[in-house]
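Just below is one structure, and these are the notes that go with it.
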There are 2 protein chains.
Amino acid sequence: MKKVSILIVDDHKLIRETWSFILGSDDRFEVIADCGDPDEAIKVAAEKKPNVVLMDINMIPMSGFDATEQIKKVSPETRIIGVSMHSQPAYARKMLQVGAHGYVTKNSSREEMVKAILEVDKGNKYICDEIRNIISEQLTEAEPQGPDIQSLTDREIQIIGFIKKGHSSREIAAELDISLKTVEVHRHNILKKLKLKNTAALVNFINSNPSLY
Amino acid sequence: MKKVSILIVDDHKLIRETWSFILGSDDRFEVIADCGDPDEAIKVAAEKKPNVVLMDINMIPMSGFDATEQIKKVSPETRIIGVSMHSQPAYARKMLQVGAHGYVTKNSSREEMVKAILEVDKGNKYICDEIRNIISEQLTEAEPQGPDIQSLTDREIQIIGFIKKGHSSREIAAELDISLKTVEVHRHNILKKLKLKNTAALVNFINSNPSLY
DNA sequence: ATGCTGATCGGGATAAATCCTGGGCGCATG
DNA sequence: CATGCGCCCAGGATTTATCCCGATCAGCAT
C-alpha cells in the first residue's frame with residue numbers, strides 16, 4: 001500500500017506545521033514538503049510530483065488560483081484541493097475551473113479532510129459538505145433576481161478594476177483612451193446589473209466577491 | 001506539575017480540531033474545550049475558568065475583541081492569546097487593550113505558540129516575533145507622513161461605517177440627525193487625514209485596514 | 001436579412017462628492 | 001483664562017457621479 005504524497009501550500013507557517021503534524025501521523029499519508037510561497041510551490045510540484053496538493057487560497061490576491069493553474073501545467077497528474085475559510089460557492093467554482101479536484105472549507109472536520117484527500121487521490125472530485133449544502137439551498141431558493149454577476153462584460157470587469165484602485169471616470173477614460181461618456185455608461189450599467197447604487201457599495205461588493213478578483 | 005488548561009475559540013472546525021490534536025499530545029497542556037461561537041466561549045470560560053484561551057480574531061466583525069473583553073469579566077484569572085492571520089500591529093494593540101496577554105500570528109511556528117502559552121500562563125505578556133519585528137521597524141523608519149489612522153475621531157469612524165455600507169451623505173445626515181454639510185466636512189476630513197482622494201479608495205482602504213472595523 | 005449584444009459616443013439633467021472659506025459651541029488641558 | 005480640539009453648521013465653487021434620452025457601428029447567430 002503506497003502512501004499518498006502530499007504538498008502543503010499555505011502562507012502561514014503555523015497552519016503548515018499543524019497540518020504536517022496531523023497528516024504525518026496518519027499512515028496513509030506522507031507530507032513530502034510544505035511551502036508558503038506560491039512560486040516555490042510550483043517548483044516543488046514540478047520536481048516531486050506529489051499525489052495531492054493542499055492549496056490555501058487566502059494567500060495574497062488570487063495567487064492560490066494562479067498557483068493551481070501553474071501546478072496543473074507542470075504536474076498534470078497531481079490532484080489539488082483548495083482549502084479556504086470562505087464559504088462562498090463562488091470560490092469553489094473558481095477553484096475547480098482552474099483545475100482543482102477538491103474544495104474544503106476550514107469549517108470542515110478532520111475526517112472530512114482525510115476523506116477529501118483519499119477521494120481526490122483516486123481521481124474523483126470532492127466538495128465539502130458545507131459548500132454542497134449551500135449550493136443545494138441556493139438551487140431550491142430560486143433566487144428572485146439576485147445581482148447578475150455573470151452578465152458583466154469583460155470591459156465592465158476591466159472598468160471595475162480601475163474603480164477599485166480609486167481612479168476617477170476621467171482617469172479611466174484617459175487610461176483606456178476612450179471617451180469619458182463611455183466610462184460613465186459602463187459604470188451605470190455595472191451598478192444596474194449588480195443592483196447597487198453608488199461607488200462605495202460597489203467597491204464593497206467587489207471586495208466580498210472573489211469571482212471578480 | 002499541573003497541566004495548563006486550555007480553551008480554544010475559532011469559528012473554523014478544522015482549525016479547532018488541529019489545535020486540539022496538537023496541544024493535546026503535549027503533556028504540559030490539556031485542552032478542556034473548544035468552541036466556534038464567541039457567546040458559547042464566554043459561557044464555557046465562566047464555568048471552567050481555563051488557564052489560557054486561544055482566541056481567533058478573524059471571526060465575524062470584531063467578535064474576537066468583544067469576546068475577549070467578556071471573558072476577562074467572567075474569569076479575570078484567565079489569560080487570553082489572540083491568534084490571527086493578520087500581521088498588522090494594530091490588531092495586537094487592540095487585543096492587549098481589551099485585556100489579552102498575548103498575540104500570535106499564524107505565521108509563527110509551533111514552538112512559538114507553545115512558548116506563548118507557557119509565558120502567558122505565568123502571567124507575562126507575549127507578542128510573537130513577527131509583530132515585534134514589524135513594530136521595531138516602524139520605530140526606526142520614522143514614517144514620512146503615512147496616513148494618520150490614529151488621528152481619526154470617533155465620529156469620523158462612525159461616518160466611515162455608514163459610507164462603507166453604501167449610504168450617501170444625505171442618508172447619513174438623516175440617520176445621525178445632523179446637517180448634510182457636517183457630514184460633508186467629516187468626509188472631507190477623513191479623506192485628508194488618510195490621504196485618499198475619493199470614496200472608492202476609502203472603501204478599499206477600510207477593507208484592508210481592520211483597525212477601523 | 002434580421003435581430004441581438006457589446007462597445008462606443010453625445011446632449012442634457014440632477015444628485016452627490018470634493019474642496020475651499022469661515023464661524024460658533026462645549027470641553028478639557030495647561 | 002487662553003488654547004486647542006472635536007463637533008457642528010453655512011455659503012459657495014468645482015468636480016464627479018448617477019441617470020435619463022438618444023445614436024452609430026461591428027460582430028455574431030438564427
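Chain identifiers are assigned alphabetically (A, B, ...) following the order of the sequence lines, protein sequences preceding nucleic acid strands; residue numbering begins at 1 within each chain.
Between the side chains of B:S5 and B:N51, at least one donor N or O lies within less than 3.5 Å of an accepting N or O. The closest side-chain donor-acceptor pair between B:T18 and A:R110, if any, does not fall under 3.5 angstrom. No side-chain donor from either of A:S169 and A:E184 sits under 3.5 Å from a side-chain acceptor of the other.
Closest approach to the A:T153 side chain among C:dG6, D:dT18, D:dC8 is made by C:dG6 (side chain taken as heavy atoms from C-beta onward). Among the nucleotides D:dT18, C:dG6, C:dA17, the one closest to the side chain of B:S168 is C:dA17.
Separating the CZ atom of B:R187 from the C1' atom of D:dA17 is a distance of 12 Å, rounded to the nearest angstrom. Atom CG in A:L191 sits about 11 Å away from atom P in D:dC20, given to the nearest Å. If you take NZ of B:K197 and C1' of D:dA17, they are 14 Å apart, rounded to a whole angstrom. Rounded to an integer number of Å, the gap from B:I190 CD1 to C:dC19 C1' is 15 Å. Rounded to a whole Å, the CG atom of B:L152 is 15 Å from the P atom of D:dC5. Counting to the nearest Å, the C1' atom of D:dT16 and the CD atom of A:E171 are 11 Å from each other. Atom NE2 in A:H188 sits roughly 15 Å away from atom C1' in C:dG12 (whole-Å rounding). Between the NE2 atom of A:H186 and the C1' atom of C:dT5 there is a distance of 13 Å, given to the nearest Å.
Ranked by how close their nearest DNA chain D nucleotide is to the 5' end, B:N198 and B:D154 are led by B:D154.
With both ends at atom P, the span from C:dC19 to D:dT18 equals 16 Å, rounded to whole Å.
With hydrogens and angles disregarded, no donor-acceptor distance shorter than 3.5 Å links the side chain of A:S75 to the backbone of A:I71. Checked by atom type and distance alone, the side chain of A:K164 never pairs as donor or acceptor with a backbone atom of B:A201 at under 3.5 Å.
The phosphate of C:dA16 (OP1 or OP2) has no side-chain N or O of A:T199 nearer than 4.0 angstrom. Dashed line: the shortest gap from a side-chain N or O of B:R170 to OP1 or OP2 of C:dA15 is not under 4.0 Å.
The stretch residues 172-185 of chain A touches DNA chain D through A:K181, A:E184, each having a heavy atom within less than 4.0 Å of the strand.
For the pair A:K43 and A:E40, the salt-bridge criterion is not met [side-chain N within less than 4.0 Å of a carboxylate O]. Salt bridge present: B:K106 and B:D56 bring a charged side-chain N and a carboxylate O closer than 4.0 Å. Classification of B:E156 and B:K193 as a salt-bridged pair holds, one side-chain N sitting under 4.0 Å from a carboxylate O. Under a 4.0 Å N-O distance rule, the pair B:E171/A:K197 qualifies as a salt bridge.
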Between protein and nucleic acid, restricted to nucleotides 24-27 of chain C and to nitrogen or oxygen atoms under 3.5 Å apart, what atom pairs and distances do you find?
none

